[in-house]
Amino acid sequence: ASDNRNGHVREALTLLLSQGVIDDFRISPEDEFPFRIQVPAGIVPMTEHQAAHFALGAVTAHFGHLARDSEGTGTGF
């Protein structure tokens, strides 16, 4: 297990931001829900654990087709 999970979650959210998957994010360590992730529907407050799972799901949804593309077609089929 990583002893720097917060840093890994921050890196994952930065990747999602750079790829246009999320609109923005803020981390306020003093809050009960320190991760605030902005998506088109609004701002979603999350714990570090929730943000980690959100990032994993968002990365899988956004880039998963590339991992399944065995023929280089970009379609995933």
Side-chain angles (χ1 to χ4, degrees):
S2 171
D3 60 349
N4 186 19
R5 186 174 190 183
N6 187 289
H8 291 212
V9 173
R10 182 187 305 259
E11 287 178 18
L13 293 174
T14 300
L15 168 76
L16 293 172
L17 180 63
S18 71
Q19 295 297 311
V21 176
I22 62 174
D23 296 331
D24 200 4
F25 74 92
R26 293 184 201 275
I27 302 172
S28 301
E30 68 280 355
D31 289 345
E32 180 182 359
F33 296 95
F35 290 83
R36 302 207 178 266
I37 301 171
Q38 185 174 345
V39 295
I43 297 173
V44 183
M46 299 182 190
T47 64
E48 181 182 276
H49 183 78
Q50 291 168 329
H53 283 272
F54 169 83
L56 176 61
V59 166
T60 302
H62 190 72
F63 297 107
H65 69 282
L66 295 175
R68 292 191 236 30
D69 185 5
S70 61
E71 297 184 23
T73 61
T75 63
F77 298 107

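The shown structure was predicted, so the numbers you read here are calculated from the model rather than taken from an experiment.
Residue pairs that meet the salt bridge (Lys or Arg N to Asp or Glu O under 4.0 Å) test with at least one member in residues 23-45, sequence neighbours left out, are D31-R36.
Closest non-hydrogen pair, F63 versus Q19, comes out as CZ-CG, 3.6 Å.
Using a 4.5 Å cut-off on side-chain heavy atoms (C-beta onward), V44 and F33 make no contact.
In this structure, the separation between CG on L13 and CD on Q38 is 13.0 Å, given to the nearest 0.5 Å.
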Pairs of donor and acceptor atoms involving the side chains of residues 50-61, under 3.5 Å and at least two apart or interchain, shall be tabulated with distances.
| unit_1 | atom_1 | unit_2 | atom_2 | d |
| --- | --- | --- | --- | --- |
| Q50 | OE1 | T47 | N | 2.8 |
| Q50 | OE1 | T47 | OG1 | 3.4 |
| H53 | NE2 | H49 | NE2 | 3.4 |
| T60 | OG1 | L56 | O | 2.8 |

